[in-house]
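Right, one structure below, let's go through it.
For clarity, every value in this text was computed on a predicted model and none was experimentally measured. In what follows, every chain begins at residue 1, and chains take the letters A, B, ... in the order their sequences are listed.
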Amino acid sequence: MLDLKFIRENPQSVKEGIAKKGEVDRVDEVLNLDTKRREIIQRVEVLKGRRNTVSAEVGKLKREGKDAGAIIAEIDGVKNQIKQYDDELSQIETDLNKLLLTIPNIPHPDVPVGKTPEDNKEVSRWGEIVENDFEMKQHWDLVQKLDIIDFERGVKVTGAGFPIYKEKGAKLQRALINFFLDEAATRGYKEIQPPLMINTASATGTGQLPDKEDLMYTIPRDEFFMVPTAEVPVTNIFRDEILSEQQLPIKFCAYTPCFRREAGSYGKDVRGLNRLHQFDKVELVKFVHPEKSYDELESLREDAERLLQLLGLPYRVLLMCTGDMGFTQTKKYDLEVWAPAQKRWLEVSSISNFESFQARRMNIRYKPTGGGKPEIIHTLNGSGLALPRVVAALLEQYQTPEGKVIVPKALHKYTGFEVIG
RNA sequence: GGAGAGGUGGGUGAGUGGCUUAAACCAGCGGUUUGCUAAACCGCCGUACGGGGUCAACUUGUACCGAGAGUUCAAAUCUCUCCCUCUCCGCCA
């Protein structure tokens with residue numbers, strides 16, 4: 001959420017940011033409630049001050065053994081007024097807080113203004129897209145022939161979107177996870193194994209709640225959610241804590257399965273590994289000094305890009321436009337890997353700066369080294385990387401005319417084999 | 001699941017209705033001393049939200065002792081409800 005004071009002092013730029021994202025503008029409602037709230041605070045605080053003085057007076061009189069009946073009677077009416085104002089105030093504050101959660105983060109000035117994915121800006125490309133002289137198989141056909149991923153039986157066991165990885169398919173998953181984690185470690189990310197269920201406070205902290213509840217699987221009896229991404233448990237590690245400035249930046253990496261309901265996703269792009277309800281991902285999370293967050297965004301992007309380079313998979317980098325980047329981000333890059341059989345780009349990483357938006361919800365601050373008040377830190381995260389689409393692109397890219405798949409060299413020490421099939 | 005104990009500023013931890021402005025210690029910041037480091041000593045030191053102001057380093061007020069409600073002129077302190085943590089027992093990978 002944004003700082004109320006910031007909204008009060010910069011209503012115009014907040015409104016512009018909301019318009020750019022195509023979100024509903026409720027700034028005027030916020031300002032209205034804020035004004036009302038401050039009026040009541042002023043009135044009720046005078047009354048409370050009066051009450052406190054009188055109470056002190058009563059205490060003094062009683063200690064001296066004198067009668068305090070007269071001033072006690074006098075303060076009676078004030079008590080009722082205080083109660084009325086307090087009730088009104090708590091109602092206003094409840095409404096105001098709800099409203100504040102509906103104000104999106106405002107985009108960075110560099111971000112292209114736009115509405116649809118077509119307005120995203122391609123900032124770079126890596127690798128060469130080669131046309132093979134044989135007919136490439138789709139990855140969903142390949143995995144069936146090679147018997148390394150079983151979609152049908154996954155449907156039986158759980159449902160659509162819950163594939164079963166087998167033998168070299170399972171080993172390839174494990175190899176990629178270890179490869180990603182080891183590479184992250186060389187870039188200074190400390191490995192975390194977080195809980196796979198989260199509570200409502202954590203889901204609110206990173207912005208999944210209040211209104212993205214539908215994307216998560218729920219455990220109603222215990223009021224938990226299955227993690228939709230490691231971002232949630234890992235970013236919440238420092239909720240309600242004050243870090244020291246010297247600790248920053250803090251960089252974590254975490255492998256978790258991710259569970260997403262993907263309600264309302266139908267159509268062609270759900271084929272094979274393209275869109276699943278359960279998938280594996282290594283997530284990179286950073287807690288940084290507010291002045292460094294845009295530099296940290298660039299280095300985070302480089303860290304994620306490097307993984308695709310080591311795997312030899314062609315990809316492009318998109319700078320997401322205002323309308324396509326989501327509620328909580330100020331600036332976001334997507335990495336899209338080339339799937340040569342499908343002849344399309346697949347998103348494998350989303351790299352975002354949230355500035356203070358999440359950290360304010362979570363109340364994560366740092367104490368400046370030279371003393372002074374704690375300030376809200378900035379948080380960032382990015383996938384490094386999401387597995388299924390990397391696997392899809394890898395299988396398609398490295399298939400041979402005989403229907404085998406060559407394992408990229410970077411993975412050999414993790415897989416223990418060099419060919420699938 | 002059963003029984004018990006407990007939740008207090010960044011940390012440890014006192015505080016059973018009003019001279020509490022939440023003690024004390026640690027950590028942190030500033031200073032004195034010192035060839036340097038350390039030690040010692042002195043001072044400062046919670047957060048949030050308001051008001052006033054030469055909008056900053058000033059001043060003033062209110063709230064906050066797990067959360068919420070209640071009793072009272074007055075609540076960290078008494079009452080009720082809820083949440084969480086720990087210990088023991090049971091079950092169990």
Side-chain angles (χ1 to χ4, degrees), chain A residues 1-10 30-101 103 193 195-205 209 219-225 233 236-248 250 287 289 356 359-377:
Chain A
M1 86 185 135
L2 291 175
D3 185 10
L4 179 57
K5 204 178 279 175
F6 179 81
I7 298 176
R8 189 190 301 149
E9 284 162 9
N10 308 277
V30 169
L31 294 177
N32 252 323
L33 279 179
D34 179 47
T35 310
K36 251 199 245 171
R37 178 177 148 271
R38 282 190 294 162
E39 276 170 17
I40 293 173
I41 284 175
Q42 283 182 47
R43 276 186 247 146
V44 77
E45 284 191 352
V46 171
L47 295 177
K48 284 181 178 174
R50 172 97 187 104
R51 183 192 60 189
N52 290 347
T53 326
V54 169
S55 289
E57 192 66 22
V58 171
K60 202 174 153 203
L61 288 174
K62 293 227 166 161
R63 244 174 286 121
E64 290 166 358
K66 293 178 188 160
D67 178 53
I71 53 173
I72 289 175
E74 183 216 353
I75 206 70
D76 209 48
V78 175
K79 279 180 70 186
N80 285 331
Q81 276 178 294
I82 289 175
K83 180 142 178 47
Q84 275 179 25
Y85 280 134
D86 269 346
D87 289 347
E88 204 179 334
L89 192 60
S90 71
Q91 186 57 50
I92 286 174
E93 286 183 339
T94 307
D95 294 346
L96 185 59
N97 283 333
K98 272 192 209 150
L99 208 49
L100 276 175
L101 291 176
I103 306 284
Q193 278 197 25
L196 301 181
M197 294 184 202
I198 50 171
N199 58 28
T200 53
S202 295
T204 307
L209 296 181
I219 316 286
R221 185 171 168 159
D222 299 292
E223 290 187 86
F224 293 150
F225 301 88
N236 274 282
I237 285 174
F238 293 125
R239 175 150 46 84
D240 291 318
E241 292 193 33
I242 298 175
L243 308 167
S244 72
E245 188 171 356
Q246 305 97 285
Q247 283 178 275
L248 303 177
I250 296 172
F287 304 84
H289 191 284
S356 59
R360 184 169 297 105
R361 286 182 174 216
M362 283 180 282
N363 195 27
I364 306 177
R365 293 168 295 170
Y366 75 94
K367 186 137 183 121
T369 309
K373 290 191 181 236
E375 286 179 47
I376 307 278
I377 61 153

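Rounded to a whole Å, the OH atom of A:Y85 is 18 Å from the P atom of B:rG50. One can place CD of A:E241 at 17 Å from C1' of B:rG46, the figure rounded to the nearest angstrom. Rounded to an integer number of Å, the gap from A:D240 CG to B:rU8 C1' is 16 Å. Between the C1' atom of B:rA75 and the CZ atom of A:R51 lies a distance of 11 Å, rounded to the nearest Å. Rounded to whole Å, atom C1' of B:rU20 lies 14 Å from atom CG of A:N52. At whole-Å resolution of the value, CD in A:E375 and P in B:rU47 are 12 Å apart. Between A:Q246 atom CD and B:rC29 atom P there is a gap of 8 Å when expressed in whole angstrom units. Remark: C1' of B:rA74 and CG of A:L47 are 16 Å apart, rounded to the nearest angstrom.
Of the candidates B:rU62, B:rG18, B:rA48, the closest approach to any side-chain atom of A:R365 belongs to B:rA48. In this structure, of B:rA74, B:rG50, B:rU47, it is B:rU47 that holds the atom nearest to the side chain of A:P374. If you check B:rC73, B:rG50, B:rG10 against the side chain of A:I242, the one that comes closest is B:rG10.
Contact detail for A:V30 and A:L96: the closest heavy-atom pair is O-CD1, 3.8 Å.
The side chain of A:K83 places an N or O atom within less than 4.0 Å of a non-bridging phosphate oxygen (OP1 or OP2) of B:rG70. Checking the phosphate oxygens (OP1, OP2) of B:rG50, a side-chain nitrogen or oxygen of A:R37 falls inside 4.0 Å. For B:rC29, the OP1/OP2 oxygens have no side-chain nitrogen or oxygen of A:K367 closer than 4.0 Å.
Residue A:R43 is out of contact with every strand shown, counting any heavy-atom pair closer than 4.0 Å. At the heavy-atom level, A:V54 lies nowhere under 4.0 Å from the strands shown. Within the 4.0 angstrom heavy-atom criterion, no nucleotide atom of any strand lies near A:R360.
Spacing of P atoms, B:rG66 relative to B:rA57, comes out at 31 Å, to the nearest Å. Spacing of C1' atoms, B:rC55 relative to B:rA40, comes out at 42 Å, to the nearest Å. Here, B:rG10 and B:rC83 have their P atoms 26 Å apart, quoted to the whole Å. Taking the C1' atoms as reference points, B:rC78 lies 9 Å from B:rU16, given to the whole Å. Comparing the same atom, P, in B:rG35 and in B:rG46 gives a spacing of 35 Å after rounding to whole Å. Nucleotides B:rC64 and B:rU21 are separated by 15 Å at their C1' atoms, to the nearest Å. Between the C1' atoms of B:rC26 and B:rC45, the separation comes to 13 Å (whole Å). Comparing the C1' positions of B:rC44 and B:rC36 gives a spacing of 27 Å, expressed to the nearest Å.
Contact annotation: the side chain of A:F224 never approaches that of A:I198 to less than 4.5 Å [non-hydrogen atoms, C-beta and beyond]. No side-chain heavy atom of A:F238 sits under 4.5 Å from any side-chain heavy atom of A:I377. The shortest distance between side-chain heavy atoms of A:H289 and A:Y366 falls below 4.5 Å.
A:D86 meets the salt bridge (charged side-chain N to carboxylate O under 4.0 Å, His left out) test with A:K48; sequence neighbours excluded. Legend: residues meeting side chain to side chain donor-acceptor pair (under 3.5 Å) with A:S356, ordered by chain and number and at least two apart, are A:R360. Annotation: side chain to side chain donor-acceptor pair (under 3.5 Å) contacts of A:N97 (sequence neighbours excluded): none. A:R37 is linked by a salt bridge (charged side-chain N to carboxylate O under 4.0 Å, His left out) to A:D34, A:E93, counting only residues two or more places apart in sequence or in another chain. For A:D87, the salt bridge (charged side-chain N to carboxylate O under 4.0 Å, His left out) partners are A:K83, not counting sequence neighbours.
Mapped onto RNA chain B by nearest heavy atom, A:K5 and A:E57 fall at different nucleotides, with A:E57 at the one closer to the 5' end. Comparing A:D3 and A:I72 by the nucleotide of RNA chain B that holds the closest heavy atom to each, the one mapping nearer the 5' end is A:D3.
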RNA chain B in dot-bracket, Watson-Crick or G-U pairs under 3.5 Å, [ ] crossing, | other strand?
((((((((.[[[..)..(.....]]].(((((.......))))).(((((((.....))))))).[[[[[..)....]]]]])))))))....
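Taking only distance into account, the side chain of A:Q42 never meets the base of B:rG51 through a donor-acceptor pair shorter than 3.5 Å.
Taking the syn range as angles within 90° of 0, the glycosidic angle of B:rG51 is outside it, so the base is anti.
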